[in-house]
2 protein chains.
Amino acid sequence: MASVNTQFSIAVHVMAAIAHHDGVFASEVLARSVNANPVFVKRILVKLSKAKLAKTTVGKSGGYGLARSPKSISLLDIYSAVNPPDAFAIHTYPKRKECIVSSNIKEVMSDVLVGTEEAVHGHLRQTTLADVVSIIRARSG
Amino acid sequence: MASVNTQFSIAVHVMAAIAHHDGVFASEVLARSVNANPVFVKRILVKLSKAKLAKTTVGKSGGYGLARSPKSISLLDIYSAVNPPDAFAIHTYPKRKECIVSSNIKEVMSDVLVGTEEAVHGHLRQTTLADVVSIIRARSG
DNA sequence: TTATATGGATACTAATATAGTATCTGAAAA
DNA sequence: TTTTCAGATACTATATTAGTATCCATATAA
């Protein structure tokens, strides 16, 4: 939902770029590689770093590298790191106590949302960063 | 107020209200019942009507009723009717031809998105409007 | 027939989330 | 000590979502 949010997509792109080239790269280099706004990419890299998916080295010759092997990083890890909005939002209008639908719908929808998020997570958990790199290499070859 | 898209949530609320009370109701009545903005609810009702989930009668004593039995309407039907945004968006930065990651990532992410949407749909398909009404009644009783 | 209530549409404003720009700080390496 | 990096901040721009006001055509009850 909710989404015009491209951060997950960009996060996977930069992680795949790092994994494919297997090295440490400055955020500016990665941004150019993605053809994206440098600060926007930087902000996503900070999230990946805080989620301990990327490790950083500061100063001259510093940059971003992977903190773990591509095989051990799932798309769910990356998805969670950038913290995208939920699959859908539940409205916040006040309850009307005299109406049992109004009084209970939010809780019902909340359960539906939890199930939906689990479905999304379950799917994203099945693919690793290593898979993504393999697919890219297979496609280009 | 536009934190994210709440239309699916409101659509289920309105449909559950119609199903629970089993009748034909004017959009203004439904909006009051949901404690929501009348025109916003109206716009959602129009979508439900176009998706043939609600049937409308115009003029005095007109309003919205269900077009099918609650048992035959899934949450996926309602979800599709309001046409919410995808689970995530894929960035639109131009490809860099010399980079195989950049050249292929969008197609890979597109497949991931399709799978994710299928997971969401699969989950929402499992619950019907009749289920929602049952749950609400059980909770209130 | 006529007054009225309805669905449906449109134009506009307001609020919010996302993305883009510019600039700065502090640390680490050369 | 100079350069280069991560990371942060403040601001602007844009897109999406939600809210407000108003109108029209039509069906129906009176």
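Not measured: the values here are computed from a predicted model. Per chain, numbering begins at 1; letters A, B, ... match sequence-line order.
Look at Tyr64(B) and you'll find a side-chain N or O under 4.0 angstrom from OP1 or OP2 of dG8(C). OP1 or OP2 of dG7(D) has not a single side-chain nitrogen or oxygen of Ser27(A) nearer than 4.0 Å. In this model, the phosphate group of dT18(C) is not approached by any side-chain N or O of Gln7(A) to a distance below 4.0 Å at OP1 or OP2. Note on Thr56(B): every side-chain N or O is 4.0 Å or more away from OP1 and OP2 of dG7(C). Side-chain N/O atoms of Ser49(B) include one lying less than 4.0 angstrom from OP1 or OP2 on dG8(C).
Counting only heavy atoms from C-beta outward, the side chains of Leu53(A) and Arg68(A) approach each other to under 4.5 Å. Inter-residue side-chain proximity for Phe8(B) and Leu124(B) is flagged as met; some heavy-atom pair is nearer than 4.5 Å. Between Glu107(A) and Asp111(A), the closest side-chain pair of non-hydrogen atoms is not below 4.5 Å.
In terms of heavy-atom proximity, His13(A) sits nearest to Ser102(B) at NE2-CA, 3.6 Å.
Rounded to whole Å, atom P of dA5(C) lies 13 Å from atom CZ of Arg32(B). Remark: P of dG7(C) and CG of Leu30(B) are 8 Å apart, rounded to the nearest angstrom. Rounded to an integer number of Å, the gap from Glu28(B) CD to dG8(C) C1' is 12 Å. Taking atom NE2 on His91(B) and atom C1' on dA15(D), their separation rounds to 19 Å, with Å as the unit. Atom pair Asn83(B):CG and dT16(D):P shows a separation of 13 Å (rounding to whole Å applied). Rounded to a whole Å, the CG atom of Leu48(A) is 14 Å from the C1' atom of dG7(D). Note: NZ (Lys55(A)) to P (dC5(D)) measures 18 Å, nearest angstrom. With rounding to whole Å, Asp86(B) atom CG is found 14 Å from dT16(D) atom C1'.
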Per-nucleotide protein contact string for nucleotides 21-30 of chain C (B base, S sugar-phosphate only, - none; heavy atom under 4.0 Å):
BB---BBBBS
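The closest donor-acceptor contact from the side chain of Glu117(A) to the backbone of Ala87(A) lies under 3.5 Å. Counting only distance, with no hydrogens or angles, the side chain of Thr57(B) and the backbone of Gly63(B) share a donor-acceptor pair below 3.5 Å. No side-chain donor-acceptor contact under 3.5 Å links Ser110(A) to the backbone of Lys106(A).
Here the nucleotide nearest the side chain of Lys50(B), chosen from dA18(D), dA9(C), dG8(C), is dA9(C). Closest to the side chain of Ala26(B), out of dT6(C), dA19(C), dA18(D), is dT6(C).
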